[in-house]
Amino acid sequence: MVRAAIALADSDGIDGVSMRRLALALGVEAMSLYHWFPNKDALLGAMVDAVFGEMARPDSEGDWRPQMRAAAIDAYHVLLRHPWAAKLIGRAFEPGMGQVRWMDSILGRLRRGGMSAELTHHAYHAIDSHIVGFTLWVLPYIELTQTNPDFADQVIAQLPMADLPHFAEHVDYHLNEEPGGSSEFDFGLDLLLDGLERLRTDG
């Protein structure tokens, strides 16, 4: 049931998810769904929790940094596969076990990596904010390039690019990279992890 709702959201966006449409996809009466989910918010919360369940968890042993890096990159790509999910993560759903287990694995990996409880607290929120925040930033750009592939060329044509050399250079760089690629996400993540490693060793 939750997977069917996720499939609807992936294909039609979160606004395309309703009890009626989900029931139609499942071949059941819409009212029967309320036996499992008292309202749509409960269904959305279960969908978000299932997305967290797709995210890889870092191993409990070994070097914390490459494991955290791999887990963060995987979480980012999971959210790109489900573009509606990042927009819902900030909503006040009751956390499910998928989300809680993922959080616990990240927190535990940081603690076992030698971080204090205080640094672990701040590190978790910094990493989580980078994953979700970067996803929310990049999704409109991905959608724009998919719906209007000529957008950048239109911007260039309308602006005095000769008077904006640094902006022109920036736009040119964007034109030569893959929309939704990991290079910018990875760059920010590496800065964050490098800073945490310094705090860990200095503490």
Side-chain angles (χ1 to χ4, degrees), residues 1-60 67-109 124-151 178-182 184-186 189:
M1 185 182 303
V2 173
R3 282 294 158 195
I6 288 174
L8 275 177
D10 289 346
S11 63
D12 300 335
I14 201 63
D15 291 337
V17 178
S18 67
M19 293 300 204
R20 182 184 62 80
R21 290 198 66 201
L22 179 57
L24 186 63
L26 294 171
V28 300
E29 294 293 328
M31 290 304 297
S32 68
L33 299 182
Y34 290 96
H35 174 73
W36 304 101
F37 299 104
N39 50 54
K40 185 177 177 180
D41 273 356
L43 173 62
L44 295 178
M47 293 165 62
V48 170
D49 194 58
V51 169
F52 272 101
E54 294 181 23
M55 296 177 184
R57 301 175 196 169
D59 293 336
S60 59
Q67 292 179 15
M68 282 303 311
R69 188 179 192 276
I73 291 172
D74 183 78
Y76 170 57
H77 285 288
V78 168
L79 292 179
L80 289 183
R81 288 202 303 270
H82 306 293
W84 50 271
K87 301 172 185 178
L88 295 181
I89 286 176
R91 290 178 57 173
F93 297 121
E94 181 178 343
M97 289 308 297
Q99 180 176 359
V100 171
R101 287 193 176 106
W102 184 80
M103 291 175 63
D104 187 72
S105 71
I106 300 299
L107 292 164
R109 178 64 281 195
Y124 170 80
H125 285 292
I127 294 169
D128 186 56
S129 296
H130 181 65
I131 296 168
V132 178
F134 192 92
T135 304
L136 290 173
W137 174 80
V138 79
L139 282 174
Y141 174 68
I142 295 174
E143 182 179 358
L144 184 61
T145 57
Q146 291 173 341
T147 57
N148 184 7
D150 299 325
F151 173 76
E178 177 187 358
S182 292
E184 294 172 7
F185 178 84
D186 294 1
L189 178 63

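Model, not experiment: these values are computed from the prediction.
Taking H125 as the reference, H121 meet the ring pair (Phe, Tyr, Trp, His ring centres under 6.0 Å) condition, with sequence neighbours excluded. Every residue two or more places apart in sequence or in another chain that forms a side-chain contact (heavy atoms from CB on, under 4.5 Å) with M97 is listed here: R101. Judged as a side-chain contact (heavy atoms from CB on, under 4.5 Å), and not counting sequence neighbours, the contacts of V100 are P95. For the side-chain contact (heavy atoms from CB on, under 4.5 Å) test, residues two or more places apart in sequence or in another chain that qualify with A9 are I14, V17, M47, W84.
Taking the side chain as every heavy atom from C-beta outward, L80 and I142 approach each other to under 4.5 Å. A 4.5 Å side-chain heavy-atom check between M19 and F37 finds at least one atom pair inside the cut-off. Contact check for L44 versus V48: no side-chain heavy atoms found under the 4.5 Å cut-off. Taking 4.5 Å as the limit, some side-chain heavy atom of L33 sits within range of a side-chain heavy atom of L26. No side-chain heavy atom of W102 sits less than 4.5 Å from a side-chain heavy atom of V51. Inter-residue side-chain proximity for L189 and M68 is flagged as unmet; no heavy-atom pair is nearer than 4.5 Å.
Residue pairs that meet the salt bridge (charged side-chain N to carboxylate O under 4.0 Å, His left out) test with at least one member in residues 41-52, sequence neighbours left out, are D41-R91. Within the structure, every pair that satisfies the salt bridge (charged side-chain N to carboxylate O under 4.0 Å, His left out) test and touches residues 70-86, not counting sequence neighbours, is listed here: E54-R81.
A distance of 8.5 Å separates CE in M1 from CG in L43, rounded to the nearest 0.5 Å. Taking CE of M55 as the reference point, atom CG of L79 lies at 4.0 Å (rounded to 0.5 Å).
Here Y76 and H130 keep their ring centres 6.0 angstrom or further from each other.
When each of D12, L8, I6 is checked for a side chain to side chain contact (heavy atoms under 4.5 Å, CB included) with D10, only I6 meets the rule.
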